[in-house]
Asks: 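Before we start, here is the structure in question, set down as structure tokens.
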Amino acid sequence: EEFATYTFPTTPDEVFGYAEGTLKLRAQSGAYGGQYVTDPAALPFPLSGVTYVELPDGDVWQAIEFGASSGVLVVHNNWGNARIKDLNGGSIKGLLIADDVEKIHCLIIGAVVAMAPTPVGNCIGNGTGDVLFSREAIEVASSISAGGDGGVTVVSWWE
């Protein structure tokens, strides 16, 4: 019996199969409330559209209260070591893509893609958080990331 080999994505664009830089450009365009920042303290909440947080080498964005956020949240840098930690409250409906994720204490409806082959933190969650898979939330987030209005259908998803 043969099993398919799966290669983990190393960039957020690889998650969707986009050309490199597509998600960053979508966030910078501001479509559907999208935002691009290098300092997460500058983000107004709740998030929507494509939010792209590009952190410095080895930096951590932590102690986050999301409100009722939605869309695609990307936390990434060129070194592949941007970390989001202590997701303390609120909810995200859509897709969280980060180099590394540690300590989810909020509600995520959709999916989380952590790209680090060896996570830095000691756990993804250790308390009250929930990550609830939702095909519908992923479809809407996928459509928004492509510049659509919810009409994209996910044809496959690896778990």
Side-chain angles (χ1 to χ4, degrees), residues 6-18 23-24 26-27 32-146 150 152-154 156-159:
Y6 179 73
T7 304
F8 287 94
T10 58
T11 69
D13 293 303
E14 286 180 12
V15 171
F16 289 103
Y18 294 159
L23 287 170
K24 184 191 268 188
R26 172 54 74 192
Y32 302 101
Q35 304 175 68
Y36 168 81
V37 297
T38 56
D39 178 5
L43 286 172
F45 289 89
L47 307 176
S48 62
V50 176
T51 302
Y52 199 110
V53 179
E54 188 167 9
L55 296 175
D57 185 14
D59 210 357
V60 179
W61 176 25
Q62 64 184 42
I64 305 133
E65 298 285 337
F66 288 104
S69 294
S70 63
V72 177
L73 172 58
V74 175
V75 181
H76 177 65
N77 63 26
N78 289 335
W79 301 272
N81 61 11
R83 187 163 37 128
I84 185 168
K85 177 181 178 181
D86 297 331
L87 292 71
N88 289 336
S91 64
I92 304 170
K93 186 174 184 180
L95 189 58
L96 167 62
I97 304 169
D99 294 338
D100 200 357
V101 180
E102 183 181 1
K103 297 183 177 75
I104 297 171
H105 299 290
C106 65
L107 173 63
I108 299 175
I109 300 170
V112 174
V113 177
M115 298 182 292
T118 308
V120 174
N122 62 0
C123 64
I124 289 181
N126 63 355
T128 58
D130 287 305
V131 178
L132 306 175
F133 176 81
S134 169
R135 177 178 293 278
E136 179 183 355
I138 293 168
E139 286 177 349
V140 171
S142 297
S143 178
I144 289 170
S145 75
V152 170
T153 301
V154 175
S156 68
W157 185 260
W158 291 85
E159 293 184 42

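What you see is a predicted model, and the numbers here were worked out from it, not measured in a lab.
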Asks: Output the distance between atom OG1 (Thr11) and atom CE (Met115), rounded to the nearest 0.5 Å.
Replies: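 With rounding to 0.5 Å, OG1 (Thr11) is 6.5 Å from CE (Met115).
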
Asks: Which pairs pass side chain to side chain donor-acceptor pair (under 3.5 Å) with one or both residues in residues 98-110, sequence neighbours excluded?
Replies: His76-Asp99, Arg83-Glu102, Lys103-Asn122, His105-Asn126

Asks: List the atom pairs, with distances to 0.1 Å, where a side-chain N or O of residues 60-72 and a protein N or O form a donor-acceptor pair under 3.5 Å, not counting sequence neighbours.
Replies:
{"residue": "Ser69", "atom": "OG", "partner": "Leu47", "partner atom": "N", "Å": "2.8"}
{"residue": "Ser69", "atom": "OG", "partner": "Phe66", "partner atom": "O", "Å": "2.7"}

Asks: Answer whether the closest heavy-atom distance between the side chains of Leu23 and Ser145 falls below 4.5 Å.
Replies: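 Side chain of Leu23 against side chain of Ser145, heavy atoms only: contact under 4.5 Å found.
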
Asks: What are the two closest non-hydrogen atoms of Gly49 and Ile144, and how far apart are they?
Replies: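 The answer is CA-CG2, 3.7 Å.
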
Asks: Donor-acceptor pairs under 3.5 angstrom involving side-chain atoms of residues 84-97: please list them, not counting sequence neighbours.
Replies:
none

Asks: I need the minimum non-hydrogen distance between Ile138 and Ala111, along with the two atoms involved.
Replies: CD1-CB, 3.7 Å

Asks: Write out all pairs satisfying salt bridge (Lys or Arg N to Asp or Glu O under 4.0 Å) with one or both partners inside residues 8-17, taking only residues at least two apart or from two chains.
Replies: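 Sorted pair list comes back empty.
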
Asks: Would you list the pairs meeting side chain to side chain donor-acceptor pair (under 3.5 Å) in which at least one residue belongs to residues 40-58, sequence neighbours left out?
Replies: Lys24-Glu54, Tyr36-Glu54, Asp57-Asn81

Asks: When you measure from the side chain of Asp130 to the backbone of Leu132, do you find a donor-acceptor pair of N or O atoms at a distance under 3.5 Å?
Replies: no

Asks: Which residues pass the ring-ring contact (aromatic ring centres under 6.0 Å, His included) test with Phe45, not counting sequence neighbours?
Replies: none

Asks: Please check if the number of heavy atoms outside Leu107 that lie under 6.0 Å from its CG is greater than 12.
Replies: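 Atom CG in Leu107 is packed in, count exceeds 12.
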
Asks: Can you find a pair of side-chain heavy atoms, one from Val101 and one from Val112, that are under 4.5 Å apart?
Replies: yes

